[in-house]
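Take a look at the structure below.
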Amino acid sequence: HDGATDTAKQIDGEALRVAMAHSLRYAIGKDPVTATLSDWRLALTRAVRDLVVDPWFAATRRAYAEKRKRVYYLSMEFLIGRLLEDAIHNLGLEAAAREAVAAHGVDYAALVDDEPDAALGNGGLGRLAACFLDSMSTVGVAAHGYGIRYEHGLFRQRFDQGWQGEEPEDWLRQRHAWEFERSEVAYPIGFGGEVSPGEGDGALWTPSDTVLAAAYDTPIPGWRGRWTNTLRLWDAQPVREFDLEPFNRGDYMAAAAPSVFAETISRVLYPDDTTPQGKELRLKQEYFFTAASLADILRRHRAMGLEPRSLAAHAAIQLNDTHPAIAGPELVRLLVDDHGLDFDEAFDVASATLNYTNHTLMPEALERWSTDLMGHALPRHMQIIERIDTRHARETKRPDSVRIVDNGEVRMGDLAFISAHRVNGVSALHTDLMKQTVFAELHALHPEKIVNQTNGVTPRRWLYGCNAGMRRLLTETLGSEEWAADLDRIAALAPLAEDAAFRERFQAIKTDNKRACAAWLEREHGVSVDPTAMFDIQIKRIHEYKRQLMNALETAALYNAIKADPSAEFAPRVKIFGGKAAPGYAMAKLIIKLINDIAATINADPAMKGRLAVAYPANYNVSMAEILIPAADLSEQISTAGKEASGTGNMKFAMNGALTVGTLDGANVEIRDAVGEENIFIFGQTAAEVLATRANGYAPQSFIDADPRLAQVVEQIEAGFFSGGDGERFRAVTENLRGHDWFQVCADFTSYYDRQRVVDDAWAKPEEWTRKAVLNAAGMGVFSSDRTIRGYAAEVWGVTPAC
Ligand code: 26V
């Protein structure tokens, strides 16, 4: 498999130039004389998309011919980022694309940079879905991703004097040149209404409202086009655009009412990944895309001449968290009411086909819907849920233990668990904790159900794509580009950690990336930083459990230490933060302001020059991550142990040669095992210790009293030291720290601060640092999402990859 494009058509720069000119003229409808940068980007996109089509058809035909079992990945979120460069890299077209673009007198980097991010997700869960799409296509799992074609993705973040503000995001303002509209594929999706008894177990549901789910397909080519899958996103459309009666009497607004209701369903991504708000529209979004996807899956199954009863032999459906958990009752409904199976048969088919991935143990993030809301919006499903619950209680002979319907609420985690063939956690620790905590009772009843599938990330985007310097070094060292589809090969770097010449080249790449990142920070965000200082980066959603606050406190304490003893030796650092807070999450927004206040104080102090700087570029997204991660020296993975299900940023950083400072949480544990404990900076309490601390009556104040460095910072915040004398601003933060501190920032602060000083010592020995960095990259083979997908294929889906 060494070599360039396999299935995809070979095309040189000249041919691609001609193809670009053709699509500019005939697909975009622009004359080269007046074409803008975006026009040229759309033209290249169309030309590249044309090259994806044949391999796409080839994979589809092969899936049919070989009667391959299909995987359906149902996810409310796909946090894709940009697609053009990724497709160019996968198809081996970079040289040709650069040549073609240059021949048209256009700057390649600017053209690629012009593409808006497809930000159809909040964070880890949505980005994982995007990595899985890439990997399913690379290893050759015949798969469809199913989700929602949100008109507006995740909001844009701005800072107003350090406070987060939100603006709507508008990625579809320019046409989305990747997708194929399938107006012929549209399913009616019902809501509300009445249910009357039917024959046998069946019923007749007459919804009060109906919308259409219309399909848009985006091809997802894998490495070298050896396999290509489809991402099918559903757009909500009115069954009728217009009510003619009000229109005829001149009430144009009333006439348009049906289309307003329908289109609202796919209007916007919910930006809150902290607490499900129990909002009716959210439930409707969940049901909308789940029902459309299941209708499509059953239609395809029937079109192959197969019986509904045999679905599980031909299809595996993966539920990405509980968001599509209504799939259980919906599949039962389709099989009973439309296909005439009895309830028990139908439930057996559904529960042999569905699988469920859990992504969080945080109790407040577990979805529950009031039975009133569910019964009103989906009356037939409410009946089926009750019946699933009763059957489960009867079969397990434990009527009083687990109930899906409890206290007037439907518990979606339990529904998903009971409706699934396999249930998985996303790291070894997280899976263990699932068994011990949220799913303890269900695990005891079904001990074979829970399996672990540790997350991974795609090395195409997160190494090959974002780090061109490292790409060249790896390709030269490993002899071909195939490491990008077989990341275990990267282990061959380990012995080179002892080779001074190799270390020097490795370090030079990091330095280049840091320079590029510093230039970007200056240009786009107006902050100037010293590219020779340590780049210490924490990028992720702002959440209390992720403890950006602890990092901010440590930053302030370090500032105080440098001020107190200007001759003391600390590594020069640039602390970089990136991340959005849910618009309604007041504490997270206050933490953002605190970080920005601390940054302003430090950056304005001439004594900090060359020693400490803080940057918080606004509007962190996938494309920003692609700039920051290759430039990182130190990766901050400092969540309260037991709270971060896996983390995936941790893997991206280590792949790019950053060292990690982190707790024994999520996949950090497995990263430590892979790189060796002497090559990672672990600190803080273990998950068990965190629980013990809480059980023993945690008093954060005692930890503040015990560490004068922490005490000083808390007092400074209370005195308004970082906020122009305003001692009130962060009252909620400091009161929480002294009084509750649910995520045990104070308990871990001392260990964290001290570990950071060990990081300083390591930085002072650059050869040693680089040695560790090489060993980190060398240990990352196992964190390729290709490995993860092969794990799901073998242990969850029962499919054999084609590549
Ligand atoms: C939760 C909710 C709660 C209900 C309302 C809408 C909503 C939207 C998203 C979420 C996602 C929370 C779960 C999540 O993102 N988990 C992250 O999953 C990553 C991939 O497995 C994992 O690496 C992170 O550790 C985990 O926090």
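Heavy atoms only: backbone and side chains are in, while hydrogens, waters and symmetry mates are out. This structure is a prediction, so every number in the text was calculated from the model and none was measured. Remember, it's 1-based here, ligands and their atoms both numbered in the order they're listed.
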Task: Which segment of Leu125 sits under 4.0 Å of ligand 1 when only heavy atoms are counted - done: both

TODO: Considering only non-hydrogen protein atoms, determine which one is nearest to atom 27 (O) of ligand 1 and report residue, atom name and distance to 0.1 Å.
DONE: Glu644 OE1, 2.9 Å

Open item on the list: I'd like to know if the side chain of Asn452 and the backbone of Ser427 have a donor-acceptor N/O pair within less than 3.5 Å.
Closed with: yes

Task: Asn455, portion touching ligand 1 at heavy-atom distance under 4.0 Å - done: side chain

TODO: Classify the angle between the aromatic ring planes of Phe417 and His446 as parallel (below 30°), tilted (30 to 60°) or perpendicular (above 60°).
DONE: tilted

Open item on the list: Taking a cutoff of less than 4.0 Å between a non-hydrogen atom of the residue and any ligand atom, is Gly123 in contact with ligand 1?
Closed with: no

Task: Glu636 with Lys575: basic N within carboxylate O range, under 4.0 Å - done: yes

- [ ] Select one of side chain, backbone, both or neither to describe which atoms of His323 lie under 4.0 Å from any atom of ligand 1, heavy atoms only.
- [x] side chain

Task: Aromatic Phe681 / basic Arg755 pairing, under 6.0 angstrom, 45° off normal - done: no

Open item on the list: How about CD on Glu364, more than 12 heavy atoms from neighbouring residues, nucleotides or ligands closer than 6.0 Å, or not?
Closed with: yes

- [ ] Taking only heavy atoms of Gly647 into account, list the atoms of ligand 1 that are under 4.0 Å away from them.
- [x] 22 (C), 23 (O), 24 (C), 25 (O)

- [ ] Report the nearest protein non-hydrogen atom to atom 7 (C) of ligand 1: residue, atom name, distance rounded to 0.1 Å.
- [x] Asp272 O, 3.4 Å

- [ ] Say whether Glu77 and ligand 1 are in contact under the criterion: heavy-atom distance to a ligand atom below 4.0 Å.
- [x] yes

Open item on the list: Against ligand 1, does Arg282 come closer than 4.0 Å with any heavy atom?
Closed with: yes

Distance-only donor-acceptor hits, side chain of residues 653-665, under 3.5 Å, sequence neighbours excluded:
{"from": "Asn656", "atom 1": "OD1", "to": "Asn467", "atom 2": "ND2", "distance (Å)": "2.9"}
{"from": "Asn656", "atom 1": "ND2", "to": "Trp462", "atom 2": "O", "distance (Å)": "2.8"}
{"from": "Asn656", "atom 1": "ND2", "to": "Lys652", "atom 2": "O", "distance (Å)": "2.9"}
{"from": "Thr663", "atom 1": "OG1", "to": "Ser639", "atom 2": "O", "distance (Å)": "2.7"}
{"from": "Asp665", "atom 1": "OD1", "to": "Gly642", "atom 2": "N", "distance (Å)": "2.7"}
{"from": "Asp665", "atom 1": "OD1", "to": "Lys643", "atom 2": "N", "distance (Å)": "3.4"}
{"from": "Asp665", "atom 1": "OD2", "to": "Ser639", "atom 2": "OG", "distance (Å)": "2.7"}
{"from": "Asp665", "atom 1": "OD2", "to": "Lys643", "atom 2": "N", "distance (Å)": "3.4"}
{"from": "Asp665", "atom 1": "OD2", "to": "Glu644", "atom 2": "N", "distance (Å)": "2.8"}

Task: Atoms of ligand 1 close to Ala645 [distance to a heavy atom under 4.0 angstrom, numbered from 1] - done: 25 (O)

TODO: Would you mind checking if Arg156 and Asp170 are paired as a salt bridge, meaning a charged N to carboxylate O distance below 4.0 Å?
DONE: no

